[in-house]
Amino acid sequence: MLLTNLEIVPGKRITKHLGLVQGSSVRAKHVGRDIMASLKNIFGGELKGYTELLQESREEAINRMQAQAEKVGANAILNVRFSTSSIAQGAAELFAYGTAVVLE
Amino acid sequence: MVDLIVLLVLLALGYGFGRYAEKTHYRSIIKREKLLRKIPAIASKFPPMYRNPPETILVTGGIVISVDYFKRFVASLRNIIGGRITSYESLLDRARREAILRMKEQARDQGGSMVFNVKIETASISKGRKNTIGSVEVFAYGTALLIKSN
């Protein structure tokens, strides 16, 4: 499965558009990480635990999007976008979406 | 009285560690930016035409960064008079440059030579007290072109 956030794929023709596919993942941070984070709020700096957590959840969202694309028979997803929103205190939603297409 | 001492200690800790962290972070950013200058990140949507079209791959880079106590305190003072909050500006600048660097590093590791359609997204993932910013996530992504030299 080819993922790109361009609208075209260099050198390939799009033979079929299959519409929007999406995947999301809502993750909560666990307490240990929260305590570390509140300490970091005094000292400043990167919150490595959160960076990893968000990276993992984003991968999960991408995987779900890919699974959906495979189901409709696509072999590529174009124009992939990401969005993040904190929906509640301590939980964040990672969302990925794009256009499923069939490339020749 | 005790409150005041706690506040002063927190401010001193925030100032000391925050300043040190920022200095070392900027040093590493500048060093790595020099190394990665050969991989341009371009915001254009359409890659140039090549005779043998390159492979493309999605590359991402993200960072969650937290503001220190001192900066937050200074910012809350700024909120009264208004104006530029330089302490937050440098924080976001660091986070953005770091996210772009991580994206470029991923592109380099996969053999990419430039990154197209770079998008940068900022989200405040946890709020501090009284709705001040706690930690900010910056996420950069784009499409790396794997150009085969021929």
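Just so it is clear, the structure is predicted and the values come from calculations on it, not from any experiment. Just so you know, these numbers use all the heavy atoms, side chains as well, and skip hydrogens, waters and symmetry mates. Convention: sequence-line order gives letters A, B, ...; per-chain numbering from 1.
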task: Report the C-alpha distance between A/Asn5 and B/Thr143 in whole Å, list the side-chain angles of each, state the deciding distance to 0.1 Å, and finish with yes or no for side-chain hydrogen bond (donor to acceptor under 3.5 Å, both in side chains).
output: CA-CA 6 Å; A/Asn5 75 339; B/Thr143 301; 2.5 Å; yes

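Separation of atoms CG (A/Leu53) and CD (B/Glu137) is listed at 10.0 Å; rounding is to 0.5 Å.
A ring-centre distance under 6.0 Å is found for A/Phe82 and B/Phe139.
The pair A/Arg58-A/Glu93 does not count as a salt bridge, with every side-chain nitrogen at least 4.0 angstrom from each carboxylate oxygen. Ion pairing between A/Glu104 and A/Lys12 fails under the 4.0 Å rule for side-chain N and carboxylate O. Between B/Glu98 and B/Arg94 there is no salt bridge, since no side-chain nitrogen of the basic residue lies less than 4.0 Å from a carboxylate oxygen of the acidic one. B/Asp68 and B/Arg72 are not joined by a salt bridge, as no carboxylate oxygen comes within less than 4.0 angstrom of a charged side-chain nitrogen.
Ranked by non-hydrogen atom pairs under 4.5 Å with chain A, the options B/Pro48, B/Ala95, B/Gly142 are led by B/Gly142. Contact tally against chain B (heavy-atom pairs below 4.5 Å) for A/Ile8, A/Ile62, A/Leu54: the top residue is A/Leu54. Across B/Asn117, B/Leu145, B/Ile65, the residue that shares the most heavy-atom pairs under 4.5 angstrom with chain A is B/Asn117.
Interface remark: A/Leu6 contributes backbone and side-chain atoms alike to the contact with chain B (heavy atom separation under 4.5 Å). Only the side chain of A/Leu2 comes within less than 4.5 Å of a heavy atom in chain B; its backbone stays farther off. Contacts of A/Arg81 with chain B are made by both backbone and side-chain atoms, with heavy-atom separations under 4.5 Å. B/Thr122 does not touch chain A: none of its heavy atoms, backbone or side chain, sits under 4.5 Å away. Contacts between B/Ile57 and chain A at a heavy-atom distance below 4.5 Å involve the backbone alone (N, CA, C, O). The part of A/Gln55 that comes within reach of chain B is its side chain, from C-beta onward, which places non-hydrogen atoms under 4.5 angstrom from that chain.
Using a 4.5 Å heavy-atom cut-off against chain A, the contacting residues of residues 14-33 of chain B are B/Gly14, B/Phe17, B/Gly18.
Of the possible donor and acceptor atoms, one in the side chain of B/Lys104 sits under 3.5 Å from a partner among the backbone N and O of B/Ile39.
The residue from A/Lys71, A/Gln66, A/Glu70, A/Gln68 that alone fulfils the side-chain contact (heavy atoms from CB on, under 4.5 Å) condition with A/Val21 is A/Gln68.
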